[in-house]
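Inspection log for the structure reproduced underneath, given as structure tokens.
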Amino acid sequence: MPRSRARARPPPVETWAPISTVSSEKKKLRFAPSPTGALHIGGARTALYNWLLARGSGGSLVLRIEDTDRERSTGENVEQILDALRWLELDWDEGPLSQHERADRHGERLRELLDADKAYHSLATAETVKAQKAQSNLGFRGEPVAPGTEGAAVRLRVPEGTTIVHDEIRGDISFDNSVHDDPVIARGDGSVLYNFAVAIDDLDMGITDVVRGDDHLSNTPKQVIVMEQLGETPPRYAHLPLLHGPDGKKLSKRHGAASVQELASAGYLPAAVRNYLALLGWGAADDQTLLSTDELVRQFSIERVGRSSAIFDEKKLRWINGRYMRELPLEEYERRFAEQLSRADPAAAEAFAAGDAERRRAALQIAQEKAQTLDDVWPLVRFLFEDPPNDEKAWRKVMKDGTRPLLEDAAAALREADPFEPASIEASLAPILAARGVKPGQLYQPIRVAISGGAVSPGIFESLAVLGRDSAVSRIDRAVTRLR
RNA sequence: GGCCCCGUGGUGUAACGGUCAGCACGCGAGGUUUUCAUCCUCGUAGCGCGAGUUCGACUCUCGCCGGGGCUACCA
């Protein structure tokens with residue numbers, strides 16, 4: 001597993017953690033996205049944190065789709081979210097559950113509230129509410145109408161007093177009920193709204209910890225009131241700071257590489273993405289940067305989650321991903337690369353597949369330490385599977401006046417190199433340096449351009465070896481001809 | 001406008017009243033090197049502002065400023 005340098009870790013210090021953190025209380029969490037679009041990295045991070053907490057406590061994770069708004073919820077969007085979670089390799093124990101399908105149960109609880117006069121029917125529209133709010137800053141209270149009145153919505157009766165949300169990250173936050181509107185919890189057609197459904201579902205499913213984005217913080221008192229009016233005890237809450245785009249605004253589809261799908265198609269590795277996402281808002285106690293998923297599960301705790309919003313930084317993700325690339329077992333590396341290539345460039349994938357297995361593996365190996373993402377690999381090795389591209393700029397830069405005899409020497413030496421392996425290739429090429437009185441770069445760069453077409457490739461000796469004697473010599477001969 | 005949250009370098013974070021404010025990415029300069037990358041060394045840059053509490057504040061309190069979220073019969 002990648003870890004930040006084998007620096008000496010301090011010896012384990014005896015610590016006396018409070019009982020609550022050492023106890024093995026099993027948590028039950030939920031990830032509850034609304035299917036209104038692709039899963040972006042903010043949602044992905046929320047999913048990851050919930051997953052880490054569930055796994056770390058030996059508890060469980062529920063996947064619940066918040067689809068009470070039928071208009072905006074599409075099966076396509078649900079699939080996209082499921083795909084994203086699968087790609088991230090985050091699994092769940094229950095679900096996916098459709099919130100919408102629990103309408104009967106929601107209706108049941110709604111009637112309870114109505115019967116106890118904790119909620120009432122109201123005809124007030126958004127306009128009337130707004131009009132009243134323009135006069136005073138007090139919360140809106142509706143005029144109850146008879147049950148069964150055509151088109152009447154149901155409003156929750158907000159009690160007097162203060163609602164306190166106990167937040168694991170921010171501490172106690174109190175809301176003055178008098179400024180809260182009586183929220184609509186069911187539409188005129190009887191269907192319930194999000195803030196009501198969530199409260200019921202979290203209760204019914206026995207959720208112990210609700211971990212979600214900060215954008216829900218203002219919703220929480222409404223949900224807590226619903227639960228309290230029902231005589232129930234709310235779960236623990238933790239509101240994560242939002243992830244912002246480079247413009248400092250809440251992350252949304254408008255921002256660049258923001259969705260999980262995009263990270264996947266950009267050639268990142270799921271494990272690296274998990275590592276990076278974990279670090280966006282949380283830090284290991286010992287400042288470790290590279291943590292395997294196992295280590296994350298073991299170390300992650302809500303107490304160490306920060307309170308301020310963070311900005312997605314792709315540069316760091318790239319760096320982390322590069323570290324994971326280098327640690328990748330060859331088999332997995334090969335599998336992921338092949339999948340990625342066939343998605344990104346079918347023609348290239350065909351060319352790659354046409355190479356024999358040994359060459360494919362060798363190519364991937366010599367490119368491994370140079371690639372930061374799966375997408376970086378193909379440009380480095382394509383010359384082993386296709387005719388090299390013609391990079392005129394690279395050609396002009398390295399093919400100087402005295403280059404031709406050097407390449408002729410190189411071709412001759414390569415004809416003799418035996419076996420045709422990196423060490424012996426180097427041994428046969430190196431004497432040319434002294435004989436011609438040139439520096440390594442003056443010989444090796446022209447060879448590189450001749451065989452790979454460009455100025456960047458894996459190590460030249462490895463590249464020649466994998467290419468094979470015949471192709472290597474003929475490509476060099478071709479360059480010699482062109483230099484004539 | 002109202003309610004709520006947040007504020008350490010360009011970015012992510014550490015520090016939980018006493019440290020030369022640490023680490024990582026990035027960036028810069030060297031070194032290794034057959035290119036690039038890796039790797040190694042060094043460097044760069046920060047506690048939003050102002051009061052107060054205290055022997056002592058990044059750490060506590062208040063105000064200001066700045067950023068953000070919510071304010072739907074959306075989620």
Side-chain angles (χ1 to χ4, degrees), chain A residues 4 32-36 66-69 71-73 99 122 124-126 129-130 133-134 136-139 151-155 165 167 169-170 173-176 179-181 183-195 197-198 213-221 239 241-242 244 246 248-250 276 279-290 304 306-320 322-323 326 367-372 376 380 394 398 426 429-430 433 439-445 447-449 452 454-461 463:
Chain A
S4 46
S34 60
T36 51
E66 313 272 56
D67 55 358
T68 46
D69 183 352
E71 313 232 322
R72 301 200 305 168
S73 306
Q99 188 161 60
S122 162
T125 62
V129 175
K130 217 172 287 171
K133 302 273 291 188
S136 82
N137 282 324
L138 257 34
V154 176
R155 282 181 188 273
V165 173
D167 188 283
I169 294 173
R170 296 162 208 282
I173 303 157
S174 70
F175 296 84
D176 183 349
V179 301
H180 260 115
D181 298 339
V184 173
I185 52 178
R187 301 182 175 88
D189 66 6
S191 62
V192 299
L193 260 57
Y194 169 77
N195 279 128
V198 169
D214 209 5
D215 49 344
H216 285 282
L217 185 53
S218 334
N219 285 147
T220 306
H239 290 91
L242 258 23
H244 286 175
K249 293 272 200 300
K250 177 183 173 183
Y276 175 70
L279 259 20
L280 232 38
W282 173 87
D286 66 354
D287 258 336
Q288 255 190 96
T289 301
L290 296 166
R304 291 194 64 82
R307 287 166 307 274
S308 57
S309 57
I311 294 171
F312 175 69
D313 175 18
E314 191 166 358
K315 286 236 181 70
K316 188 157 186 174
L317 205 211
R318 278 191 72 82
W319 176 80
I320 290 179
R323 298 291 300 237
R326 275 171 264 149
Q368 186 165 23
E369 66 172 21
K370 295 177 187 305
Q372 280 192 309
D376 290 348
L380 288 167
V398 306
E426 176 167 18
L429 251 20
L433 267 25
K439 294 186 188 276
Q442 293 174 271
L443 171 64
Y444 299 132
Q445 274 306 87
I447 296 178
R448 190 186 310 283
V449 172
S452 78
V456 176
S457 81
I460 192 65
F461 310 120
S463 294

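The model shown is predicted, which means the values in this text are computed figures rather than measured ones. Letters A, B, ... mirror the listed sequences (proteins, then strands); counts begin at 1.
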Discussion item. Taking the P atom in each of B:U59 and B:C73, what is the distance between them to the nearest angstrom?
Written reply: 42 Å

Worksheet item: Within the pair A:Arg326 and B:C39, is there a side-chain N or O less than 4.0 Å away from OP1 or OP2?
Response: yes

Worksheet entry | Candidate nucleotides B:A75, B:U35, B:A15, ranked by approach to the side chain of A:Asn219 - the nearest | B:A75

Practice prompt. State which residues pass side-chain contact (heavy atoms from CB on, under 4.5 Å) with A:Leu433; sequence neighbours excluded, sorted by chain then number.
Written response: A:Val438, A:Pro440, A:Leu443, A:Tyr444

Worksheet item: Rounded to whole angstrom units, what separation is found between the CD atom of A:Gln368 and the P atom of B:C39?
Response: 14 Å

Worksheet item: What distance, rounded to whole Å, do you find between the two C1' atoms, one in B:A57 and one in B:C49?
Response: 16 Å

Item to complete: Could you work out the separation of B:U53 and B:C62 based on their P atoms and round it to a whole Å?
Response: 15 Å

Worksheet item: Base, sugar-phosphate, or nothing: which does A:Pro221 touch, judged by heavy atoms less than 4.0 Å apart?
Response: nothing

Item to complete: Using a 4.0 Å heavy-atom cut-off across all strands, classify A:Ala455 as base, sugar-phosphate, or nothing.
Response: base

Practice prompt. With P as the reference atom in both, quote the distance from B:A21 to B:C16 in angstrom, rounded to an integer.
Written response: 14 Å

Item to complete: Determine, for nucleotides 58-66 of chain B in 5'-to-3' order, which nucleotides have protein heavy atoms under 4.0 Å from the base (write B), from only the sugar-phosphate (write S), or from neither (write -).
Response: ---------

Fill in: N or O in side chain of A:Thr289 less than 4.0 angstrom from B:C23 OP1/OP2
no

Worksheet item: What pairs with A:Arg187 under side-chain hydrogen bond (donor to acceptor under 3.5 Å, both in side chains), at least two apart in sequence or on another chain?
Response: A:Ser191

Item to complete: Quote, to the nearest angstrom, the P distance that separates B:U8 from B:C58.
Response: 15 Å

Discussion item. Categorize A:Gly151 for me: base, sugar-phosphate, or nothing, with a 4.0 angstrom heavy-atom threshold over every strand shown.
Written reply: base

Worksheet item: Roughly how far apart are A:Ser308 OG and A:Leu242 CG, rounded to 0.5 Å?
Response: 11.5 Å

Practice prompt. With heavy atoms under 4.0 Å as the rule, sort A:Thr125 into base, sugar-phosphate or nothing.
Written response: nothing

Item to complete: Could you tell me whether the phosphate oxygens of B:C74, OP1 or OP2, come under 4.0 Å of any side-chain nitrogen or oxygen in A:Arg187?
Response: yes

Worksheet item: What integer distance in Å separates A:Lys370:NZ from B:U35:P?
Response: 9 Å

Worksheet item: A:His244 has a side chain; which of B:G68, B:G12, B:A75 sits nearest to it?
Response: B:G68

Worksheet item: Expressed as a whole number of Å, how far does the P atom of B:G7 sit from that of B:G48?
Response: 9 Å

Fill in: Heavy-atom pair of closest approach, residues A:Gly283 and A:Arg304
O-NE, 2.9 Å

Worksheet item: Can you name the residues that form a side-chain contact (heavy atoms from CB on, under 4.5 Å) with A:Ala153, not counting sequence neighbours?
Response: A:Val184

Item to complete: Applying side-chain hydrogen bond (donor to acceptor under 3.5 Å, both in side chains), name anything that partners A:Arg170, two or more places apart in sequence or on another chain.
Response: A:Asp214

Practice prompt. Report the residues that fulfil ring pair (Phe, Tyr, Trp, His ring centres under 6.0 Å) with A:Phe175, sequence neighbours left out, ordered by chain and then residue number.
Written response: none

Discussion item. Reading 5' to 3' and counting Watson-Crick or G-U wobble pairs with both distances under 3.5 Å, write the dot-bracket notation for RNA chain B, | for bases paired outside the strand.
Written reply: (((((((..((((....[...))))((((((.......))))))...(((((..]....))))))))))))....

I'd like a list of close polar pairs between nucleotides 26-32 of chain B and the protein, N/O only, cut-off under 3.5 Å.
none

Worksheet entry | Closest to side chain of A:Glu369, choosing from B:A37, B:A75, B:A14 | B:A37

Response to the item:
Sorted by chain and residue number, the side-chain hydrogen bond (donor to acceptor under 3.5 Å, both in side chains) partners of A:Asn137 (sequence neighbours excluded) come out as none

Discussion item. If you define the side chain from C-beta out and look only at heavy atoms, does anything of A:Val456 sit under 4.5 Å from A:Leu380?
Written reply: yes

Discussion item. Regarding A:Ala430, tell me which of base, sugar-phosphate or nothing describes its non-hydrogen contacts under 4.0 Å with the strands shown.
Written reply: nothing

Response to the item:
Residues at least two apart in sequence or cross-chain that pass ring pair (Phe, Tyr, Trp, His ring centres under 6.0 Å) with A:His180, listed by chain then number, are none

Pick out the pairs of N or O atoms, protein on one side and nucleotides 3-7 of chain B on the other, that lie under 3.5 Å.
unit_1	atom_1	unit_2	atom_2	d
B:C5	O2'	A:Arg170	NH1	2.6

Discussion item. Taking the C1' atom in each of B:G69 and B:C36, what is the distance between them to the nearest angstrom?
Written reply: 45 Å

Item to complete: Compare the minimum distances between each of B:A15, B:C73, B:U34 and the side chain of A:Arg304, then state the nucleotide with the smallest one.
Response: B:A15

Worksheet item: Side chains of A:His239 and A:Ile169: closer than 4.5 Å at any heavy-atom pair?
Response: no

Fill in: Basic-acidic side-chain contact under 4.0 Å: A:Asp376, A:Arg318
yes

Discussion item. Which nucleotide wins on minimum distance to the side chain of A:Asp215, given the candidates B:C70, B:U34, B:C74?
Written reply: B:C70

Item to complete: Considering only atom P, compute the distance from B:G10 to B:C6 and round it to an integer number of Å.
Response: 22 Å

Worksheet entry | Which residues share a side-chain hydrogen bond (donor to acceptor under 3.5 Å, both in side chains) with A:Lys133, sequence neighbours left out | A:Asp181

Practice prompt. In whole angstrom, give the distance that lies between atom CG of A:Asn137 and atom P of B:C70.
Written response: 20 Å

Worksheet item: Hey, is A:His216 stacking on B:A75? Ring centres under 5.5 Å, planes under 30°.
Response: yes

